[in-house]
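Chain letters run A, B, ... following the sequence lines, proteins first, then strands; residues in each count from 1.
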Number of protein chains: 2
Amino acid sequence: MVGRLATGAARPPRVPGLAKIIDPQVKKSYGLPMGRPKQFDPDVAVGKAMDVFWRKGYAATTPQDLVDELGIGKGSLYNAFGSKHALFERALERYRDTQSLALVELLDQPGPVRPLLRSAMELLIETDLGPSGRRGCFAVNTATELGGRDEVSTGLVQRMFERTEGAFREAVERGQRTGEFAPDRDADAAASLLLATLVGMRVIARAQGGRERLGRIVDAALAAL
Amino acid sequence: MVGRLATGAARPPRVPGLAKIIDPQVKKSYGLPMGRPKQFDPDVAVGKAMDVFWRKGYAATTPQDLVDELGIGKGSLYNAFGSKHALFERALERYRDTQSLALVELLDQPGPVRPLLRSAMELLIETDLGPSGRRGCFAVNTATELGGRDEVSTGLVQRMFERTEGAFREAVERGQRTGEFAPDRDADAAASLLLATLVGMRVIARAQGGRERLGRIVDAALAAL
DNA sequence: CATATTTTGTACCTATAGGTAAAGAAAGAA
DNA sequence: TTCTTTCTTTACCTATAGGTACAAAATATG
């Protein structure tokens with residue numbers, strides 16, 4: 001028994017399921033035993049999951065939907081993501097880091113503010129009505145489906161709303177400094193109004209989908225500034 | 001055989017399931033045989049169903065939820081309403097005929113328009129955040145859950161939105177006639193903006209539920225008129 | 001009272017939700 | 001080549017969704 005310990009460099013004790021804790025890439029750099037590599041790209045899979053949840057919502061999306069759309073087996077799905085809810089969180093974070101971020105970055109660009117706001121809202125109209133179908137805004141859809149009933153999702157949506165509102169506020173303040181907007185306007189109030197208008201517009205886009213009405217909202221929102 | 005036909009007033013042929021076609025009250029007035037009366041009030045039941053669907057959405061509401069909240073057996077439930085979806089339609093129609101109608105009627109009242117708009121929006125904030133919990137607007141929730149995926153529900157929501165927008169437009173035009181608003185403003189555009197703002201505000205109410213932010217939206221929306 | 005009809009309660013049904021278990025495949029390390 | 005690990009596949013599991021079927025109860029009429 002003791003002899004086993006003495007025969008050269010003993011292997012470290014086995015810890016099954018280590019991949020859940022230590023990233024495989026990190027393990028590799030330490031020369032620890034590797035496992036079978038994934039046959040799919042988890043980042044791509046999360047993107048596809050985002051599309052499904054965005055279109056159908058959380059409750060209406062079934063494991064079978066995910067298996068079909070991600071193109072992987074159910075075992076791989078649950079091995080990689082743990083649960084439907086965990087995958088939903090990943091999908092919502094992906095939305096935040098792509099779609100929601102893109103809006104904020106667009107609003108942060110220099111130059112005249114009014115055309116910037118117009119192009120931002122028109123971009124979103126096209127996104128909502130685009131070739132992927134009338135799906136609206138994933139954050140808005142999640143707010144109305146899970147708001148107040150799912151802490152994690154609600155928190156993610158709240159922070160997206162706040163960041164967007166902040167970007168609007170900064171844009172308005174920029175416009176005030178350059179003389180584009182009246183300097184006595186309350187930038188906070190204007191930003192809250194812009195956020196509410198944008199959110200409402202995206203709900204209406206999902207319900208009605210008519211470009212003429214949506215365009216009128218954009219015109220009126222900009223005229224109100 | 002022929003004798004049967006001759007013996008006095010023959011009963012009409014039996015048609016089981018007649019109650020689905022002919023209202024029991026009408027049958028009664030014709031002296032036709034009655035069945036066992038309902039032990040519950042269907043109107044009350046639809047009201048309770050509205051509350052459940054409003055809070056949880058369509059997909060997340062189960063038959064068991066309905067049985068629990070309506071306080072009737074599953075047999076009675078399906079006998080009276082046919083299917084979950086049919087009951088959902090009844091619930092949405094009830095919302096239209098109570099909540100949505102109340103808003104339109106409020107907006108139709110005479111008098112100064114600006115305080116009317118303010119009290120309307122503040123009423124909705126209280127409804128959304130009220131003692132029944134942070135449930136937002138049933139029509140908005142349905143728009144984002146089923147918009148474009150359920151023809152009947154989407155149509156109901158569209159018509160509610162259009163009726164509300166129309167009430168806003170008439171209020172604005174009234175304000176223009178009395179000199180409260182500039183007569184050169186586009187009343188259609190103003191109404192579309194008010195609708196979008198209101199809808200967005202109710203989404204934010206469901207996601208965040210803070211009265212200060214919602215109040216700021218109301219202030220800014222009225223200041224923009 | 002028997003009859004016709006409807007509601008109700010209970011039992012039952014099929015399909016699927018949302019996973020879990022276990023065996024074999026695929027990789028690097030020793 | 002064997003060992004260790006992770007991934008994949010297939011099979012399996014329990015609970016419930018969303019109803020349906022049927023017998024018994026409740027009503028009105030003849």
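- A side-chain hydrogen bond (donor to acceptor under 3.5 Å, both in side chains) with B/Glu69 is found for exactly one of B/Lys56, B/Arg55, B/Gln64, namely B/Arg55.
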Atom pairs, protein N/O to nucleotides 14-17 of chain D N/O, distance under 3.5 Å:
| residue | atom | partner | partner atom | Å |
| --- | --- | --- | --- | --- |
| D/dA17 | OP1 | B/Thr62 | OG1 | 3.2 |

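- Taking every side-chain heavy atom of B/Gln39 into account, C/dT8 is the closest of C/dT8, D/dT8, D/dT20.
- Distances were taken from every side-chain heavy atom of A/Arg36 (C-beta onward) to each of C/dT7, D/dG19, C/dA25; the shortest belongs to C/dA25.
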Exercise. Checking side-chain contact (heavy atoms from CB on, under 4.5 Å) for the pair B/Phe53/B/Asn141: CA distance, chi angles, key distance, verdict?
Worked result: CA-CA 10 Å; B/Phe53 283 127; B/Asn141 299 350; over 6 Å; no
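- For the pair B/Asp41 CG and C/dT7 P, the computed distance is 14 Å after rounding to whole Å.
- Remark: P of D/dT6 and CG of A/Leu77 are 19 Å apart, rounded to the nearest angstrom.
- Sequence order on DNA chain C of the closest nucleotides to B/Ile72 and A/Tyr58 puts B/Ile72 first from the 5' end.
- Looking at the side chain of A/Pro37, the nearest of the listed nucleotides D/dT27, C/dT20, C/dA27 is C/dA27.
- At a threshold of 4.0 angstrom between heavy atoms, the contacts of B/Phe81 with the nucleic acid are absent.
- Between B/Tyr95 and B/Trp54, the angle of the ring planes goes over 60°, which puts this pair in the perpendicular group of the 30/60° scheme.
- Rounded to a whole Å, the NE2 atom of B/His85 is 16 Å from the C1' atom of D/dG19.
- Classification of the A/Phe40-A/Phe81 ring pair by plane angle, with boundaries at 30° and 60°, yields tilted.
- Atom CG in A/Asn79 sits roughly 12 Å away from atom C1' in D/dT9 (whole-Å rounding).
- D/dT9 atom C1' lies 16 Å from atom NZ of A/Lys38, rounded to whole Å.
- Following rounding to the nearest Å, B/Phe88 (CZ) and D/dG19 (P) show an atom-to-atom distance of 14 Å.
- Here the shortest heavy-atom pairing between B/Asp43 and B/Arg94 reads O-NH1, 3.0 Å.
- At whole-Å resolution of the value, CG in A/Leu70 and P in D/dT8 are 12 Å apart.
- Residues A/Thr144 and B/Thr144 bring a donor and an acceptor atom of their side chains to less than 3.5 Å of each other.
- Checked for salt-bridge contact, A/Glu145 and B/Arg206 miss the test: no charged N lies under 4.0 Å from a carboxylate O.
- Between A/Ser76 and D/dT8 there is a side-chain polar atom (N or O) within less than 4.0 angstrom of OP1 or OP2.
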